[in-house]
Amino acid sequence: MIELKTPGEIDAVAAAGHVVASILATLRGKAAPGVTPHDLDLIARDMIADAGAVSSFVGYHPSWSPTPYPAVICSSVNDAVVHGIPDRTPLAPGDLLSVDFAVHLDGWCADAAFSVVVGDTPDPRDLALVDATERALHAGIAASRPGARLGDIGHAIVGVARPAGYGMLADHGGHGVGRTMHEAPFVPNEGRAGKGLKLRPGLVIAIEPMLLLGGRDDYFHDADGWTLRTADGSRAAHVEHTIAVTADGPRILTAL
Ligand code: MF3
Ligand code: CO
């Protein structure tokens with residue numbers, strides 16, 4: 001079942017989204033050579049508590065994972081695409097870091113992610129990858145208008161990613177969000193224009209393109225049971241916003 005949210009409920013998701021956005025902005029500012037993903041996780045833990053929110057990640061245990069998720073952020077470095085578990089390996093200059101993060105506030109959930117190249121000597125290919133992933137996200141958001149179809153979102157994303165030669169994960173994409181982190185519908189990152197569910201005001205979804213620099217679509221699960229890595233070892237970027245379809249067009253709920 002796909003639940004449409006009322007304007008008041010959308011405002012409640014936006015309040016959670018504001019917490020997510022401000023914590024992600026802090027983590028982006030802290031991400032630098034020498035800092036560990038575990039350090040970032042601890043910062044996020046403190047900020048969640050200060051905001052009176054609750055992590056949506058800790059203890060999350062979908063059927064495909066062997067263990068409950070142990071942290072409040074996902075930190076995916078270089079060839080890790082998504083769902084990396086924060087570890088104590090210091091970030092090195094030029095590392096490509098993606099941070100994914102969600103909280104519940106007053107019972108409502110918002111989910112977002114950013115990618116950044118740490119340090120002062122980024123590889124231009126990594127910057128181009130991150131830029132394309134952000135453009136793909138915003139193309140998907142722009143397509144999220146009432147009367148459009150779910151396939152229009154994936155069509156917009158793939159229209160940025162494929163011409164630039166990037167790979168994508170076929171079976172991973174966005175999702176409904178609000179009461180829980182993952183609700184119907186699944187929001188594929190590759191879609192056909194004019195196909196699929198009609199988008200109506202009140203639909204709240206997370207849109208999250210993942211682009212792979214090597215141009216292949218293959219990935220594997222790391223031995224930790226969570227981290228998805230590119231099969232060819234190339235780098236990946238992942239960005240995400242929670243948005244609402246409204247009569248006035250898409251509204252980003254995880255913006256500052
Ligand atoms: N935000 C992530 C997504 O939508 C979910 C991470 S699951 C976790 O894919 F357990 F790793 F937190
Ligand atoms: Co998500």
Side-chain angles (χ1 to χ4, degrees), residues 2 13-14 16-17 19-21 23-24 27-28 37-38 40-42 44-45 48 53-77 80-87 97-105 108-115 133-134 136-138 140-141 144 150 153-154 157 168-190 203-212 219 221-230 236-244 250 252-255:
I2 293 165
V13 177
V19 171
V20 168
I23 294 176
L24 283 179
L27 299 184
R28 185 192 279 269
H38 177 66
L40 299 177
D41 192 66
L42 292 180
R45 277 177 201 256
I48 291 171
V54 180
S55 170
S56 308
F57 284 15
V58 168
Y60 183 68
H61 197 175
S63 54
W64 47 261
S65 85
T67 49
Y69 193 71
V72 304
I73 65 169
C74 293
S75 54
S76 303
V77 179
V81 187
V82 286
H83 299 170
I85 299 173
D87 67 6
L97 169 72
S98 301
V99 176
D100 190 347
F101 181 62
V103 302
H104 277 75
L105 180 73
W108 294 92
C109 179
D111 186 10
F114 70 84
S115 287
T133 311
E134 290 173 347
L137 171 60
H138 286 282
I141 294 171
S144 304
L150 204 57
I153 298 174
I157 292 170
M168 300 180 77
L169 304 188
D171 48 0
H172 285 74
H175 48 90
V177 57
R179 293 183 193 272
T180 64
M181 182 163 61
H182 291 142
E183 301 177 356
F186 176 63
V187 180
N189 284 330
E190 298 196 65
L203 183 69
V204 176
I205 53 175
I207 301 178
E208 48 181 316
M210 300 146 221
L211 269 51
L212 282 52
Y219 67 93
H221 270 99
D222 192 285
D224 67 19
W226 280 96
T227 314
L228 301 189
R229 294 188 186 278
T230 61
H238 169 230
V239 298
E240 176 174 14
H241 271 306
T242 294
I243 69 122
I252 299 176
L253 305 180
T254 42

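Any value given below was found using the heavy atoms of this structure, including those in side chains, with hydrogens, waters and symmetry copies removed. All ligand and atom numbering here is 1-based and tracks the order in the structure.
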Practice prompt. State, yes or no, whether a side-chain contact exists between Met168 and Ile157 at a heavy-atom distance under 4.5 Å.
Written response: yes
Fill in: Any donor-acceptor pair under 3.5 Å from His175 side chain to Met181 backbone
yes
Item to complete: Give the minimum heavy-atom separation between Ser56 and Val103, together with the two atoms involved.
Response: OG-C, 3.0 Å
Worksheet item: Which residue pairs satisfy the side-chain hydrogen bond (donor to acceptor under 3.5 Å, both in side chains) criterion with at least one member in residues 62-76, sequence neighbours excluded?
Response: Thr67-Trp226
Practice prompt. Could you tell me whether the side chain of Asn189 and the main chain of Glu208 form a donor-acceptor pair under 3.5 Å?
Written response: yes
Quick check for students: name every N or O atom pair between ligand 1 and the protein closer than 3.5 Å, with distances.
| unit_1 | atom_1 | unit_2 | atom_2 | d |
| --- | --- | --- | --- | --- |
| ligand 1 | 1 (N) | Asp100 | OD1 | 3.1 |
| ligand 1 | 1 (N) | Asp100 | OD2 | 3.1 |
| ligand 1 | 1 (N) | Asp111 | OD1 | 3.0 |
| ligand 1 | 1 (N) | Asp111 | OD2 | 3.1 |
| ligand 1 | 4 (O) | Asp111 | OD2 | 3.2 |
| ligand 1 | 4 (O) | His175 | NE2 | 3.0 |
| ligand 1 | 4 (O) | His182 | NE2 | 2.9 |
| ligand 1 | 4 (O) | Glu208 | OE2 | 3.0 |
| ligand 1 | 9 (O) | His83 | NE2 | 3.1 |

Item to complete: Would you indicate whether the side-chain heavy atoms of Val20 and Asp111 approach each other to under 4.5 Å?
Response: no
Worksheet, complete the sentence: Scanning both residues in full, the closest heavy-atom pair of Ile73 with Phe101 reads CG2-CD1, 3.7 Å
Worksheet item: What are the two closest non-hydrogen atoms of Ser115 and Glu134, and how far apart are they?
Response: O-OE2, 4.3 Å
Worksheet item: Does any pair with a residue in residues 172-183 pass salt bridge (charged side-chain N to carboxylate O under 4.0 Å, His left out), and if so which ones, sequence neighbours excluded?
Response: Glu3-Arg179, Lys5-Glu183, Glu9-Arg179
Worksheet item: With a cut-off of 2.8 Å, which protein N/O/S atoms are close to the Co ion (ligand 2), if we only count those under it?
Response: Asp111 OD2, His175 NE2, Glu208 OE2, Glu240 OE2
